[in-house]
Chemist: 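Following this message is one structure expressed as structure tokens.
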Amino acid sequence: MVKIAVMGYGVVGSGVVEVLTNHSENIARRAKEEISIKYILDLRDFPGSPFGSKFTKSFETILNDPEVKIVVEVMGGLHPSFEYVKACLEAGKSVVTSNKELVAAKGAELLKIAQKNNLNFLFEASVGGGIPIIRPISQCLAANDVVEIAGILNGTTNFILTKMIREQMTFEDALALAQKLGYAERNPAADIEGSDACRKICILASLAYGKHVYPEQVHTEGITKIALADVEYAAAWGGVVKLIGQVRALENGKLQIIVCPMFIPRESQLATVDDVFNGIMVRGDSTGDVVFYGKGAGKLPTASAVVADVIDCVKHFKARKYLYWEDGSEDYVEDYRLNVISMYVRAKTEDEAVALKNVKQIFGEVTRLSRKNAENGEFAFVTNSMKEEEILTKLEKLKSMGICVENTIRIGNL
Ligand code: HSE
């Protein structure tokens, strides 16, 4: 029998305990050993819980118990998760986590400790909730050079955008609903400002390209500026607005990586990924596009990935699972302003005829977009492809001509 501890009894932690308890026989058959939860760490009290005797408020009890061979960290946040996970690995315990903040910030360091101590540090649930993606990239697609990864990596924002697109629901109402359903982070700013998706694309990029990409290196924009007008213009253009995390390897050895809302064409595989679902496209040089789809958030999907890691850990007590990437470097990420893109622009003017003449003079030919119920003086267009820094300079010129640029969204070539 293998004894484990679960640190954190929130949405995911309670799901892990539920899955391990309800599926114990099948899990034991697959792991070839019974798995028993010895401790559940949480500072809160859970009166009446059937797991009452397992609760502890003391991390040291877990750390100092040699019977505990695997620790599941599902507390979230960087501190004290990092200190706890590091201490567990140094004490000879394998760790399974769903904590993307931890892996995105400290993955290289923790993987190194795990390697040194011949332990497993597994984090399938940190990206894509219940979707298998870490293992496929590190194992099934290992023969490929990864050309690009692009994905809808945050369930909450995808849920919000879907409600805006389909039901014209306000941003606030859709967010409140996502929180009620348990999709959003404790602090939903991480979802709506894009940092959750950023952490996830950092993990995928680090894994696919073998070197740590830190969240601070990635230009990140969330969905808070998206208005129903943009959703309508996206439809007129022939697509939808999605929050995309994207990384590509460049010939100069750097990575092009970004998180931002994009217009993506209706024909794209990612365009029909709706609600709380995530979709991740991995383009391999041998496989071509491989797309992963499923529930990217929520109690049981995430718990399923965590428990699968625990099973894998039990099966690999004597042989470490080979997950590894090296430390990052400051110059590893290309400045996003050097990316060649085209951009959707929504603007307002007092004199539309003059404004359009100015747009043409500055940008050359553009694709005009229109929508029903456009406000007076509102106009929208999509630029041709050019370096983003050129677009930004041209937009400044437009502004200096009295045109008010209300929003811009990149066009995703997906
Ligand atoms: N808040 C996250 C999301 C949870 O909405 O995708 C899963 O990481």
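Quick caveat: nothing in here was measured; it's all calculated off a predicted structure. Positions are given from 1, in the same order as the sequence printed here. Both ligands and their constituent atoms are indexed starting at 1 by order of listing.
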Chemist: Pick one of side chain, backbone, both or neither for how N154 approaches ligand 1, counting any non-hydrogen atom pair under 4.0 Å.
Modeler: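 Within the 4.0 Å criterion, N154 contacts ligand 1 through backbone and side-chain atoms alike.
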Chemist: Counting the benzene-type ring for Trp, do Y209 and Y332 have ring centres under 6.0 Å apart?
Modeler: no
Chemist: Looking only at protein heavy atoms, which one is nearest to atom 5 (O) of ligand 1, and what is the separation?
Modeler: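 Nearest protein contact, heavy atoms only, for atom 5 (O) of ligand 1 is T156 OG1, 2.6 Å.
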Chemist: Please state which part of T157 comes within less than 4.0 Å of ligand 1, counting heavy atoms only: side chain, backbone, both or neither.
Modeler: neither
Chemist: Going by the atom numbers of ligand 1, which of them fall below 4.0 Å from some non-hydrogen atom of K100?
Modeler: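 Those atoms are 4 (C), 7 (C), 8 (O).
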Chemist: Side chains of residues 261-270: which donor-acceptor pairs under 3.5 Å do they make with residues two or more places apart or in other chains?
Modeler:
unit_1	atom_1	unit_2	atom_2	d
R266	NH2	A235	O	2.9
S268	OG	L270	N	3.0

Chemist: Mark yes or no for whether H212, through its side chain, and A104, through its backbone, hold a donor-acceptor pair below 3.5 Å.
Modeler: yes
Chemist: Can you list the steps and then say if L102 with R199 is a side-chain contact (heavy atoms from CB on, under 4.5 Å)?
Modeler: CA-CA 9 Å; L102 174 70; R199 289 166 188 149; over 6 Å; no
Chemist: So if I count the atoms of ligand 1 from 1 in the order they appear, which ones are less than 4.0 Å from some heavy atom of G155?
Modeler: 3 (C), 5 (O), 6 (O)
Chemist: Measure the distance from atom 2 (C) of ligand 1 to every protein heavy atom, then report the residue, atom name and distance (to 0.1 Å) of the closest one.
Modeler: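 Nearest protein contact, heavy atoms only, for atom 2 (C) of ligand 1 is E185 OE2, 3.1 Å.
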Chemist: Under 4.0 Å from a heavy atom of D191: give me the atoms of ligand 1 that qualify, with their elements.
Modeler: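 What qualifies from ligand 1 is 1 (N), 2 (C), 3 (C), 5 (O).
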Chemist: Between N144 and V146 (side chain of the first, backbone of the second, donor and acceptor by atom type, cut-off under 3.5 Å), is there such a pair?
Modeler: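 No; zero donor-acceptor contacts below 3.5 Å.
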Chemist: Which atoms of ligand 1 have any heavy atom of G296 under 4.0 Å away?
Modeler: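 Taking each heavy atom of G296 in turn, ligand 1 has 6 (O), 7 (C) under 4.0 Å.
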Chemist: Once salt bridge (Lys or Arg N to Asp or Glu O under 4.0 Å) is applied, what residue pairs with a partner in residues 216-226 remain, sequence neighbours excluded?
Modeler: E221-R410
